[in-house]
Amino acid sequence: MRFSKEEIQEALCLRHTHEIQERLDRGRVAVAGLGGLGSFVAVALARIGVGHLHLIDHDQVDLTNLNRQQYCMGHVGMYKTDALREQLLEINPYLDIRTDCVRVCEENIRELFAEDDIICEAFDVPESKAMLVNGVLGQFEEKKIVSASGMAGYGNSNEIRTRKITDRFYLCGDEVSDSRNGLGLMAPRVGICAGHEANLIVQLLIDDGAER
Amino acid sequence: MIRVNGEDRQLEKEIILQDFLEREGYQTGRIAVEKNGGIVPKSRYAETLLHSGDVLEIVSFVGGG
């Protein structure tokens, strides 16, 4: 079954109201890293109709990803950018989705994120997280970054929180549960942290959208 | 006196941020440093002098995503 753009828009407005949906439609969000955090954030934002999504990852789907990432057996071996775009378009075929199958580094940040307003840091390696946060805050004046640190293991749901570090830098997670300390990454707790990231992004889109 | 991650810290004398971070055991490849509301670029760690009254927030990233 296929629905028209108008039908989908009407359904979204019924849930969110016209006023809110307009702000979500205008949203330009990049998701850097499409693992447990990024794939969850992208699906959540696609469901509520955030208009412009920019998906960035250099890697392919591996069988060990399926314990927490939004992919299925049939996606194993595909580039995550392609596998995720395919799923988001199943949810809403009228979203503007840009993909870049590249490795993010200090040198390509300026060009890669030029058109995005909010950047979701969803990498796995701490050095990559620090590189992106420092790069975005150092190379741009206006863009906001929502980052995550500390979501390994299970239990202690309420220790995962969202903290405002500066006007442009927010941090989600418990800030201590390191995946390298023998704690595995599991769908429920990574999902809680990803939910924090996605929910904050929505808040920024709606509240900042009201100022325009 | 400076404030680091919400705690007051006594400094015997002024200190360069880079030296402070090393002394405190931070891995500089895994952190972001905010000073008085703005981010300090990594390239300036070695030339940023900490003064009494400075408020620092040092975010240390851990693995997982």
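Nothing here was measured: the structure is a model prediction, and the numbers come from that model. Naming: A, B, ... by sequence-line order, numbering from 1 per chain.
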Next on the checklist: So which residue, A:V190, A:I165, A:V133, ends up with the most heavy-atom pairs under 4.5 Å with chain B?
Outcome noted: A:I165

Checklist entry - Which answer fits B:V40, side chain, backbone, both or neither, if we ask what part of it has an atom under 4.5 Å from a heavy atom of chain A? => result backbone

Checklist entry - Under a 4.5 Å cut-off applied to non-hydrogen side-chain atoms, are B:F61 and A:L171 in contact? => result yes

Next on the checklist: Please give me the minimum heavy-atom distance between A:L37 and B:G65, naming the atom from each residue.
Outcome noted: CD1-CA, 3.6 Å

Item to check | Contact origin within A:S177 toward chain B - heavy atom pairs under 4.5 Å | outcome: backbone

Next on the checklist: I need the residue from A:D167, A:L183, A:T166 with the largest number of non-hydrogen atom pairs under 4.5 Å to chain B.
Outcome noted: A:T166

Checklist entry - How about B:E24: does its CD atom have over 12 heavy atoms from other parts shown lying under 6.0 Å from it? => result yes

Item to check | B:Y45, OH: over 12 other non-hydrogen atoms inside 6.0 angstrom | outcome: yes

Checklist outcome for this item: So, the part of A:E127 with a heavy atom under 4.5 Å from chain B: the answer is both

Item to check | Heavy-atom contact with chain A under 4.5 Å, split by part of B:S60 | outcome: backbone

Checklist entry - Would you call A:V176 and B:V62 a side-chain contact if the rule is heavy atoms closer than 4.5 Å? => result no

Next on the checklist: To the closest 0.5 Å, what do you measure between CD (B:E57) and CZ (A:R163)?
Outcome noted: 4.5 Å

Checklist entry - What pair of heavy atoms forms the shortest contact from A:A130 to B:G29, and how long is it? => result CB-O, 3.4 Å

Next on the checklist: Looking at B:E47, I want to see if its CD is surrounded by more than 12 non-hydrogen atoms of other residues, nucleotides or ligands under 6.0 Å.
Outcome noted: yes

Next on the checklist: If I measure from the heavy atoms of chain B, does A:L137 come under 4.5 Å with its side chain, its backbone, both, or neither?
Outcome noted: both

Item to check | Heavy-atom side-chain proximity of B:R30 to A:M131 below 4.5 angstrom | outcome: no

Checklist entry - Is the CG atom of A:N158 crowded by more than 12 outside heavy atoms at less than 6.0 Å? => result no

Item to check | A:R180 atom CZ: more than 12 heavy-atom contacts under 6.0 Å | outcome: yes

Checklist entry - Would you say A:Y154 has more than 12 foreign heavy atoms packed within less than 6.0 Å of its OH? => result no

Item to check | Closest non-hydrogen atom pair, B:G63 against A:P126 | outcome: CA-CD, 3.7 Å

Item to check | B:M1 atom CE: more than 12 heavy-atom contacts under 6.0 Å | outcome: yes

Checklist entry - Is it true that atom CZ of A:R47 has more than 12 heavy atoms of other residues, nucleotides or ligands lying nearer than 6.0 Å? => result no

Item to check | Contact origin within A:F40 toward chain B - heavy atom pairs under 4.5 Å | outcome: neither

Checklist entry - Sub-3.5 Å donor-acceptor pair from the side chain of A:N134 to the main-chain atoms of B:V33, do we have one? => result no

Checklist entry - Side chain, backbone, both or neither: which part of B:I39 has a heavy atom under 4.5 Å from chain A? => result side chain

Item to check | Donor-acceptor contact present, side-chain A:K129 to main-chain B:G64, <3.5 Å | outcome: yes

